[in-house]
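Counting starts at 1 for both ligands and their atoms, in listed order.
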Amino acid sequence: MYASRMSSLPPYLFARIDEMKGEQQRKGVDIIDLGVGDPDLPTPQHIVTSLCEAARNPENHHYPSYSGMPAYRSAAADWYKNRFNVPLDPGKEVLALMGSKDGIAHIAEAFVNPGDYVLAPSPGYPVYRTGTLFAEGIVHEMPLTQENNFVPVLDDIPKKVVKAAKLMFINYPNNPTAAVAPDGFYSEIVDFAKKHHIVVVSDNAYSEISYDGYQAPSFLETDGAMEIGIEMHSLSKTYNMTGWRIGMAVGNADILAGLARVKTNVDSGVFNAVQQAAVTALRGSQDCVKEACSVYQERRNVLISGLRDLGFDVPSPKATFYVWLPVQDCMAFSARLLNEAGIVATPGIGFGSNGEGYVRFALTRPVERIREALERMRRLDL
Ligand SMILES: *Cc1c(COP(=O)(O)O)cnc(C)c1O
C-alpha cells in the first residue's frame, strides 16, 4: 500500500521508546523523562498576551502572506543585526518558517536532483536525512566524533561525494552532542562550499541557549557566508515556543527564493497572530532568555557533577540543553535506565550510526527530578 520511499524513512526508534515508556507507566512507574528536547518552562507571559490580543483582531484571520508579514521579517532582521551584527534585507533575506523543521525538511527539494549528495552530520537532527530522502538525494554522513571535537573533517569526505554534493547541513551549538563550533571552523566551511559549489544550511536553533558567558556565533557572521549559505533559526528553544511553530530562514537571497518557491506550493504561511507574538518576542526584553539559561545551567551543573560522581567521564556543555554521555552500548544502557529506573534517555543511535556509544539526556525537567534520576542511577550501580 505504501510508496517505496516509506521504507527508507527512519525506523521510528523514538516511537519504540514511547511504547516502552507507556509499558512502564501502565505498571505505575513514576517516569523521569529526560528524552525530549522540548522545554518544560512556559512561554513568557508577555508573548502569550501578545498572541491573545493579535488573535482577537479579525484582520489576522485570513491567509497569511507566503514569506511572512513585513513586521515579522523586519523584527527578525533587526534581531540578527543586534545579536550577531549581521545586516539582512527583510524583503529578500528573511523568510518566515513554520518552525525551522519546515525549512530543513523542504530545502533539499529546491536544490537536490535524484542521485545528488547531501552532506549531513552523524549523529544529527534526523530531519536532514528525511528531507534529503524526499528529494531522492543520497545522504553522506559526516561523522562527529570526540577525537575531532564533534566537527566534520572535510578532507575525509570522498572526492566523488564532494563532486556530486549540492547541500551541506551544519549545526552548532549541536544537537545531540552539545558541541560548539570551534574558531575558524565556519571559514573552513565557506572556503570548501565556494570551491565545490555547495549550498550551506546552518541550523542555529540553539544559539541562545548557552552557559558560563559563552555566546554562540551565527554562521552568517563569517566572511563570504552570505554568498553560499543560509541559516535556519527558530523561536522554539529560545522562548519556549516549540508548540507555536515559528522560525525563520535568513541569508542568501537566491537560496531563500528556492526554498520560498517550494513552500509556496505546500503551505500557506504562519498564522499572523503567531507572527505578531513573535515580533513581541524578538523586539521585547531578552531577560526571559537569560532566566531560562540560568535554570538550564543549574540543571546542567547538577547532572554533570552527579554523573561524574557515578564515575562517568563527561564534559560539561557550553551550550544547548543536552548532555551527551559516553556509554558502552546505547540501546542496552537506555533500556536499563527505563526498565530498572524509570528514566528516559535517548540512545545515540537514534541520531545516526555515529551516535552509537552515547545516550542523550535533555535538561528539560526540574532540578529535583534530575537529582531523583541521579539517585536512581546510583542505586542501579551502572
Ligand atoms: C529543535 C530543533 C530544530 C527545530 O525546531 P523547530 O521547532 O522546528 O523550530 C531544528 N534543529 C535542531 C537541531 C533542533 O534540535
Side-chain angles (χ1 to χ4, degrees), residues 10 14 34-41 43 47 68 72 76 79 94-108 118-132 141-142 144 150-152 167-181 200-210 216 218-219 229-251 259 263 266-267 269-271 274-275 277-278 281-282 289 292 296 317 319-324 346 348 350-352 354-355 358 360-364:
F14 298 109
L34 304 176
V36 285
D38 186 352
D40 58 323
L41 306 169
T43 306
I47 304 172
Y72 174 63
W79 186 85
V94 180
L95 175 68
L97 298 175
M98 297 156 70
S100 51
K101 183 176 185 178
D102 170 25
I104 294 166
H106 288 119
I107 186 78
V118 172
L119 310 174
S122 166
Y125 184 58
V127 188
Y128 309 141
R129 163 180 290 275
T130 19
T132 304
E141 294 191 338
M142 303 183 291
L144 306 186
F150 302 107
V151 166
L167 211 61
M168 173 188 229
F169 288 103
I170 51 173
N171 166 223
Y172 294 96
N174 183 259
N175 175 12
T177 70
V180 299
V200 176
V201 179
S202 161
D203 176 357
N204 208 357
Y206 295 94
S207 68
E208 304 315 295
I209 310 299
S210 64
S218 161
F219 171 65
I230 62 171
E231 189 154 273
M232 303 292 183
H233 216 292
S234 171
L235 280 76
S236 288
K237 314 290 162 61
T238 308
Y239 305 104
N240 312 322
M241 288 171 67
T242 49
W244 297 50
R245 311 315 305 137
I246 183 152
M248 61 269 205
V250 298
L259 175 60
K263 275 175 49 61
V266 294
D267 70 64
V270 178
F271 182 23
V274 168
Q275 292 190 58
L282 293 169
V289 184
Y296 295 133
T320 76
F321 43 59
Y322 302 114
V323 166
W324 189 235
T346 312
F351 302 99
N354 290 283
Y358 292 88
R360 189 193 74 177
F361 289 102
L363 301 168
T364 48

Within ligand 1, which atoms have a heavy atom of Ser234 less than 4.0 Å away?
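Listed by number with element: 6 (P), 9 (O).
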
Considering the heavy atoms of Asn175, write down every atom of ligand 1 situated less than 4.0 Å from one of them.
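So the atoms of ligand 1 that pass are 13 (C), 14 (C), 15 (O).
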
Just to verify, what does Tyr206 make a side chain to side chain donor-acceptor pair (under 3.5 Å) with, not counting sequence neighbours?
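Partners of Tyr206 under the side chain to side chain donor-acceptor pair (under 3.5 Å) test: Lys237, Tyr322.
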
Have a look at ligand 1 and work out which part of [X], if any, has a heavy atom under 4.0 Å from it: side chain, backbone, both or neither.
X      : value
Asn171 : side chain
Ser100 : both
Arg245 : side chain

Which atoms form the tightest heavy-atom contact between Glu231 and Phe219, and what is the distance?
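What the structure gives for the nearest pair is OE1-N, 2.8 Å.
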
For [atom], which protein heavy atom lies nearest, and how many Å away is it?
atom                    : answer
atom 14 (C) of ligand 1 : Lys237 NZ, 3.2 Å
atom 7 (O) of ligand 1  : Ser236 OG, 2.6 Å
atom 12 (C) of ligand 1 : Asp203 OD2, 3.3 Å
atom 15 (O) of ligand 1 : Tyr206 OH, 2.6 Å

Residue list, salt bridge (Lys or Arg N to Asp or Glu O under 4.0 Å) with Asp102, at least two apart or on another chain
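Salt bridge (Lys or Arg N to Asp or Glu O under 4.0 Å) list for Asp102, sorted by chain: Lys263.
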
Are any of the N/O atoms in Thr242 less than 3.5 Å from those in ligand 1?
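Min N/O separation from ligand 1 is not below 3.5 Å for Thr242.
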
Side-chain heavy atoms of Asn175 within contact of Thr320, under 4.5 Å
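Heavy-atom side-chain distance check fails, nothing below 4.5 Å.
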
So do Trp324 and Asn174 actually touch side chain to side chain, heavy atoms under 4.5 Å?
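No - every pair of side-chain heavy atoms lies 4.5 Å or more apart.
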
Within a reach of under 6.0 Å around CZ of Arg129, are more than 12 heavy atoms found that belong to other residues, nucleotides or ligands?
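No, not enclosed.
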
Between the main-chain N or O of Gly99 and the side-chain N or O of Ser234, is there a donor-acceptor pair closer than 3.5 Å?
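No; judged by distance alone, with no hydrogens or angles, the pair does not exist.
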
